[in-house]
Amino acid sequence: MKAKFSQNYLSENIEISQIIEDFDATGTTLYDDRNTIKIFDHKGDVLNIKRFKVPNAVNKIAYKFFRKSKAERSFNYAQELLKREIDTPAPVAYFEEQLPFTFGTSYFVSKHITYDLTYRELVQEPNFKDHEKILRAFTRFTYELHQKGVLFLDHSPGNTLIQINDGSYKFYLVDLNRMIFKDLTEEDRLKNFSRLSPKKEMVEVMANEYAKLISKPSVEIFEKMWAYTAAFQEQIERKNRLKQKFRK
């Protein structure tokens, strides 16, 4: 098993490697579907370990010879976000099952953080306390990402953890394996909101707040943001119609 540790955890490589070896038998499962996420107590810390599913035949070769694995990208991108002063759970290590001519599974280890909600609750619970205030704070956080040259390709409802502290909010990005670092165009920025909510009233609030930040008319920003959102929703519906068609 190939492994790389962050500087702060180099001295604990043996213990953490053992946790990976015992992954199936120990720990507390938080999620178990396509990938598996578990938490483990470790020397007063709680470690969050994501095991990525074994890739398909093409990616087994790609990850072996041509591309970085999802675990390695998650580890590297977490380090890059922290350098840019963007919050994400601290990266600890990544592990890869390297076979002679192919690639197996991989693991990304980070410190586990507690949180109060994700963006998904804002979509599902329109009467959530301080809903609009949190949504506007989230929009400012997204603007900060954009200003720092971060295009988070999986900017979707479950991938931002939110902590509430006496009316202030702290946002942590998770599920980091798809990310681009570059100077963003206005199209990049507004399209980056398209996966977040199908609710027009939420998009109106985000567009209004973002327009203030970039000194553009709110109506203009909303029209563009909503067009990208509607196009994404149509894409999802088209995929669902195809799935239904092939199930018949």
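Numbering of residues begins at 1 and proceeds along the displayed sequence. What you see is a predicted model; the values in this text were computed from it and never measured.
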For [X] versus [Y], what's the shortest heavy-atom pair and its separation?
| X | Y | answer |
| --- | --- | --- |
| E125 | H131 | O-CD2, 3.4 Å |
| S194 | F232 | O-CD2, 3.5 Å |
| N192 | F152 | ND2-O, 2.9 Å |
| T114 | Q163 | O-NE2, 2.8 Å |
| K148 | E85 | NZ-O, 3.3 Å |
| N35 | K53 | OD1-N, 3.0 Å |

Classify the ring geometry between F141 and F138 as parallel (under 30°), tilted (30 to 60°) or perpendicular (over 60°).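 The arrangement is tilted - the two ring planes meet at 30° to 60°.
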
F108 vs F75 aromatic rings, parallel, tilted or perpendicular, using cut-offs 30° and 60°?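 Judged by the thresholds at 30° and 60°, the geometry between F108 and F75 is perpendicular.
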
Do [X] and [Y] have side-chain heavy atoms sitting under 4.5 Å apart?
| X | Y | result |
| --- | --- | --- |
| T139 | V205 | no |
| F181 | V150 | yes |
| R73 | R67 | yes |
| S69 | F52 | no |
| N159 | H155 | no |
| D116 | I162 | no |
| R238 | Q235 | yes |
| L81 | M179 | yes |

Report whether [X] and [Y] are members of the same hydrophobic cluster (ILVMFWY, side-chain heavy atoms less than 4.5 Å apart, transitive linking).
| X | Y | value |
| --- | --- | --- |
| L196 | F128 | yes |
| Y169 | L145 | yes |
| F40 | I113 | no |
| I19 | I14 | no |
| Y228 | M206 | yes |

Within the 6.0 Å centroid threshold, strictly below: [X] and [Y]:
| X | Y | value |
| --- | --- | --- |
| Y107 | F23 | yes |
| F5 | F95 | yes |
| H146 | Y210 | yes |

Quick one: do T160 and V174 satisfy side chain to side chain contact (heavy atoms under 4.5 Å, CB included)? Show the steps, please. CA-CA 6 Å; T160 301; V174 295; over 6 Å; no

Does atom [atom1] ([X]) have a neighbourhood of more than 12 heavy atoms from anything else shown, all under 6.0 Å?
| X | atom1 | answer |
| --- | --- | --- |
| K191 | NZ | no |
| K212 | NZ | yes |
| E201 | CD | yes |
| K83 | NZ | no |

Assess whether a salt bridge exists between K200 and E204, defined as any Lys/Arg side-chain N lying under 4.0 Å from an Asp/Glu carboxylate O.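 Answer for the salt bridge query: no.
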
Pairwise distance [atom1]([X]) to [atom2]([Y]) - rounded to 0.5 angstrom:
| X | Y | atom1 | atom2 | answer |
| --- | --- | --- | --- | --- |
| I39 | H112 | CD1 | NE2 | 4.5 Å |
| N165 | K170 | CG | NZ | 9.5 Å |
| L176 | T88 | CG | OG1 | 4.0 Å |
| L161 | R120 | CG | CZ | 11.0 Å |
| K2 | E97 | NZ | CD | 13.5 Å |
| K70 | T105 | NZ | OG1 | 10.5 Å |

Decide yes or no on salt bridge (Lys or Arg N to Asp or Glu O under 4.0 Å) for E144 and R140, but give the supporting numbers first. CA-CA 6 Å; E144 180 185 357; R140 294 191 295 273; over 6 Å; no

Anything under 3.5 Å between a donor and an acceptor, one on a side chain of residues 26-33, the other on a protein residue two or more places apart or in another chain? List them.
{"residue": "T26", "atom": "OG1", "partner": "D22", "partner atom": "O", "Å": "3.0"}
{"residue": "D32", "atom": "OD1", "partner": "T36", "partner atom": "OG1", "Å": "2.8"}

So, T185 versus D188: side-chain donor-acceptor pair below 3.5 Å or not?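 Yes, a side-chain donor-acceptor pair sits under 3.5 Å.
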
Using only heavy-atom distances, determine whether the side chains of R84 and Q147 contain a donor-acceptor pair under 3.5 Å.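 There is no such pair between these side chains.
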
Linking Ile, Leu, Val, Met, Phe, Trp and Tyr by side-chain heavy atoms under 4.5 Å, what else ends up with L82?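 When side chains under 4.5 Å apart are linked, L82 ends up in no cluster with other residues.
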
Indicate yes or no for a side-chain donor-acceptor contact from [X] to the backbone of [Y] under 3.5 Å, with no hydrogens or angles considered.
| X | Y | answer |
| --- | --- | --- |
| E121 | T118 | yes |
| S156 | D154 | yes |
| K199 | V123 | yes |

Intermediate values then yes/no, side chain to side chain contact (heavy atoms under 4.5 Å, CB included), K68 and Y94: CA-CA 12 Å; K68 290 181 171 62; Y94 73 89; over 6 Å; no

Could you go through F222 and V203, starting from their C-alpha distance and side-chain angles, then the distance that decides it, and tell me whether this counts as side chain to side chain contact (heavy atoms under 4.5 Å, CB included)? CA-CA 7 Å; F222 168 71; V203 177; 4.0 Å; yes

